[in-house]
Amino acid sequence: MKDKSAIGLIGLATMGANLARNIANKGFSISVFNRTTEKTDKFIKDFGKESGDKLHGSKTLKEFVASLETPRKIILLVKAGKPVDDMITELSPLLDKNDIIIDCGNSHFKDTERRQKELATRNLHFIGCGISGGEEGALHGPSLMPGGDKSAWEKIRPIFEKIAAKDFGGKPCVVHLGDFGSGHFVKMVHNGIEYAIMQLLAESYDILKNLGKFSNPELAKIFSGYNKNPNLKSFLIEITAKIFAKKDPESSKKDAYLIDFIKDSAGQKGTGKWTTEIAHDLGVFIPTINAAVDARIVSGDTKGRQMCKVLKLTPTAKKLTSSGKKNLITQLENALELSIILCYEQGVGLLTQSSKEYNWNLDLAEITRIWQGGCIIRSTYLKNLTIGLGKDKTAATKIFKKITNLFAGPKQKSWRRLLTLSLESAIPIPAFSASLNFYDSYAKAHLPQNLIQAQRDFFGAHGYERTDKKGSFHTEWD
Ligand code: NBP
């Protein structure tokens with residue numbers, strides 16, 4: 001290797017390998033290293049020639065570090081948690097003042113803050129950068145959510161802006177979000193929203209399949225139709241339609257669809273759980289995200305579900321007529337539209353509160369803008385949200401009115417009707433119910449928590465506030 005590489009990357013699993021190829025394909029020279037050397041060798045054998053001579057493999061960390069331009073810029077894409085700390089411990093003694101480590105894994109934002117502070121004591125810069133888009137995004141253009149050291153960001157900016165996806169206006173889906181763990185926090189909230197939308201789509205599938213009795217090819221058509229609605233058009237609905245059309249490659253039967261052979265217990269890695277934990281800590285109401293995390297938990301409780309097979313279900317819904325089936329498709333589209341809008345709303349609520357709590361000064365319009373391309377929750381609705389959260393107050397008010405009107409109209413009626421029908425059919429709809437509860441809780445002038453306050457004062461003398469006078473009051477209730 002004659003010249004030193006512009007950037008380095010450690011961790012050649014799905015994300016790292018594809019991001020390294022993306023960087024090289026965009027014309028930047030990059031050195032790569034992986035703990036297991038065979039993976040590096042295979043990667044260089046498979047893709048070393050893909051972008052001319054831009055990709056270089058290193059067998060040792062020392063060789064890797066020596067191959068980089070200074071200040072060195074090193075992306076980590078290793079498993080989140082202890083592997084990130086282990087890697088930093090091994091790597092940092094080999095680095096020089098002002099070198100930059102960028103953790104692009106799904107790290108917890110508090111770990112990112114700790115790592116940035118520790119490395120700063122050794123004059124090393126640290127950036128915690130969320131990445132979304134899966135393997136395809138990493139290869140062709142992900143949404144990147146960096147937070148941390150601003151001066152270090154300026155040094156990696158030209159590369160990151162080139163490799164990122166583009167928003168609807170053609171700008172790169174990357175921007176420096178704030179200090180410390182802000183980037184990883186924004187990625188965590190992105191994943192929370194992703195959990196909620198995926199759960200709403202899973203419930204839609206259950207309703208259409210078990211209440212509407214639609215076949216897989218019909219489901220593919222229905223979801224493709226939903227994807228024409230400008231408020232629903234999104235990556236997740238697009239792939240959902242494709243999933244129902246996929247034949248089972250293992251089956252000899254011609255009309256066997258893969259979806260019917262997949263176990264019904266979903267996994268989770270932690271970002272969803274972290275989102276619910278932090279929302280409770282900060283006192284932010286994100287019921288659809290919470291419901292989605294719970295739904296994955298119950299789906300994974302295969303033992304408990306097996307034991308509960310003795311429980312009897314007594315659905316009361318009638319079989320749908322053909323016009324009932326047609327109505328169901330529309331009712332579901334309306335319910336999905338409103339419920340998904342509220343998933344984004346809950347995420348934005350959590351970001352707003354975290355920004356205040358941690359002094360990040362997050363630009364919400366910019367966050368929703370960088371989610372417009374490359375990431376898993378990309379959708380055309382985000383265009384509205386970016387305007388609604390932007391600095392042009394007239395445009396924001398117009399969008400806000402448009403969205404509020406959407407909720408006030410007949411779509412709300414069909415949302416309620418759909419939920420009733422699903423409950424009467426014994427179809428669990430935790431995310432749909434949570435979304436409607438979110439709406440009703442904010443829209444209602446009075447909540448019944450006056451009773452909770454009275455109960456707390458009754459048994460614990462906690463006091464209560466009155467609606468007609470200022471101050472705290474206590475009553476001897478008994
Ligand atoms: P994984 O999360 O599966 O991690 C595998 C990589 O970590 C391999 O390169 C492995 O090296 C390395 N590694 C491990 Br495990 N322990 C290590 C250690 N102690 N020291 C050094 N290297 C170690 O890979 P991934 O799915 O590509 O994800 C990478 C990061 O990106 C994760 O934080 C993930 O949560 C995040 N992310 C993933 C996706 C996705 O769609 N997969 C999307 C967005 C973000 P080895 O080859 O020697 O075992």
Side-chain angles (χ1 to χ4, degrees), residues 8-23 30-47 57-62 64-65 74-94 101-112 115 126-147 160 163-165 173-174 181 183-195 198 235-236 239 266-275 370-371 373-378:
L9 183 145
I10 298 177
L12 289 172
T14 317
M15 294 303 281
N18 282 323
L19 196 71
R21 288 173 62 200
N22 181 359
I23 293 171
I30 175 165
S31 298
V32 295
F33 172 83
N34 193 73
R35 180 181 58 174
T36 312
T37 312
E38 291 73 43
K39 266 197 196 161
T40 314
D41 294 342
K42 183 167 182 332
F43 177 73
I44 294 297
K45 188 167 163 259
D46 292 347
F47 304 108
S58 306
K59 291 195 189 304
T60 65
L61 260 188
K62 217 169 151 192
F64 170 77
V65 169
I74 300 172
I75 295 175
L76 298 185
L77 260 163
V78 299
K79 204 176 181 66
K82 193 171 172 299
V84 177
D85 284 317
D86 291 349
M87 207 58 246
I88 291 175
T89 307
E90 240 186 293
L91 183 65
S92 50
L94 306 174
I101 299 176
I102 310 124
D103 172 19
C104 283
N106 275 337
S107 293
H108 193 284
F109 75 101
K110 292 231 161 124
D111 284 336
T112 303
R115 288 167 188 149
F126 190 70
I127 288 183
C129 178
I131 176 168
S132 175
E135 55 181 325
E136 278 298 297
L139 183 59
H140 300 295
S143 171
L144 293 161
M145 297 155 245
F160 275 50
I163 61 170
C173 291
V174 60
H184 277 140
F185 192 95
V186 169
K187 171 66 199 314
M188 178 197 74
V189 174
H190 164 287
N191 283 22
I193 297 171
E194 175 186 309
Y195 267 60
M198 286 168 75
F235 170 73
L236 281 170
I239 63 161
Q268 56 167 331
K269 276 193 187 159
T271 42
K273 182 179 113 226
W274 295 343
T275 314
I370 65 169
W371 287 347
C375 73
I376 305 296
I377 61 168
R378 63 185 185 260

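Residue numbers run from 1 in the order of the sequence given. Just so we're clear, the structure is a prediction, and the values are computed from it rather than from any experiment. Counting starts at 1 for both ligands and their atoms, following the listed order.
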Among all protein heavy atoms, pick the one closest to atom 47 (O) of ligand 1 and tell me residue, atom and distance.
K39 NZ, 2.7 Å
Assess R115 against F126: is NZ or CZ under 6.0 Å from the centre of the six-membered ring, and within 45 degrees of the ring's axis?
no
Considering heavy atoms of the protein only, find what lies nearest to atom 4 (O) of ligand 1 and give residue, atom and distance to 0.1 Å.
K79 N, 3.4 Å
Heavy-atom distance under 4.5 Å between the side chains of K187 and F109, does that happen here?
no
Looking only at protein heavy atoms, which one is nearest to atom 5 (C) of ligand 1, and how far off is it?
A13 CB, 3.6 Å
Give me the nearest non-hydrogen protein atom to atom 29 (C) of ligand 1 as residue plus atom name, then the distance to 0.1 Å.
L77 O, 3.6 Å
Atoms of ligand 1 under 4.0 Å from any heavy atom of P83, numbered from 1 in the order shown, are 16 (N), 17 (C), 18 (C), 19 (N)
Is the side chain of S31 donor-acceptor paired with the backbone N or O of F64 at a distance under 3.5 Å, no angle test?
no
Mark up the atoms of ligand 1 that fall under 4.0 Å of a heavy atom belonging to G134, in ascending order.
41 (O)
Should you measure from each heavy atom of G11, which atoms of ligand 1 turn up under 4.0 Å away?
9 (O)
So, taking the atom named OG in S58 and the one named CG in L9, what distance separates them when rounded to the nearest 0.5 Å?
11.0 Å
Out of all atoms in ligand 1, which are within 4.0 Å of some heavy atom of T14? Include the element for each.
27 (O)
Region of E38 that comes within reach of ligand 1 [heavy atoms, distance under 4.0 Å]
neither
Could you say whether the N/O atoms of N106 and ligand 1 ever approach to under 3.5 Å?
yes
Who's the nearest protein heavy-atom neighbour of atom 44 (C) of ligand 1, and how far?
I131 O, 3.3 Å
Has the side chain of H140 got a donor or acceptor atom that lies under 3.5 Å from a matching backbone atom of N22?
no
Just which atoms of ligand 1 are under 4.0 Å from any heavy atom in L12?
9 (O)
Can you report which non-hydrogen protein atom sits closest to atom 49 (O) of ligand 1, along with the distance?
R35 NH2, 2.9 Å
Please check if the side chain of S143 supplies one atom and the backbone of I370 the other of a donor-acceptor pair under 3.5 Å.
yes
Give the intermediate values and the outcome of salt bridge (charged side-chain N to carboxylate O under 4.0 Å, His left out) for residues K42 and D46.
CA-CA 6 Å; K42 183 167 182 332; D46 292 347; 2.6 Å; yes
E90 to ligand 1, any heavy atom closer than 4.0 Å
no
If only atom types and distance count, is the side chain of N18 paired as donor or acceptor with the main-chain N or O of T14 below 3.5 Å?
yes
Can you tell me the protein heavy atom closest to atom 28 (O) of ligand 1 and the distance?
M15 CG, 3.9 Å
Short question: side chain of H184, backbone of D103 - any donor-acceptor pair under 3.5 Å?
yes
Check each of L76, I127, V84 against I101 using the side chain to side chain contact (heavy atoms under 4.5 Å, CB included) test, and report the only one that passes.
L76
S132 touching ligand 1 at heavy-atom level, < 4.0 angstrom
no
N or O contact, E135 vs ligand 1, cut-off under 3.5 Å:
no
Donor-acceptor pair, distance only, cut-off 3.5 Å: does the side chain of N191 make one with the backbone of T271?
no
Among protein heavy atoms, which lies nearest atom 9 (O) of ligand 1, and at what distance?
N34 OD1, 2.8 Å
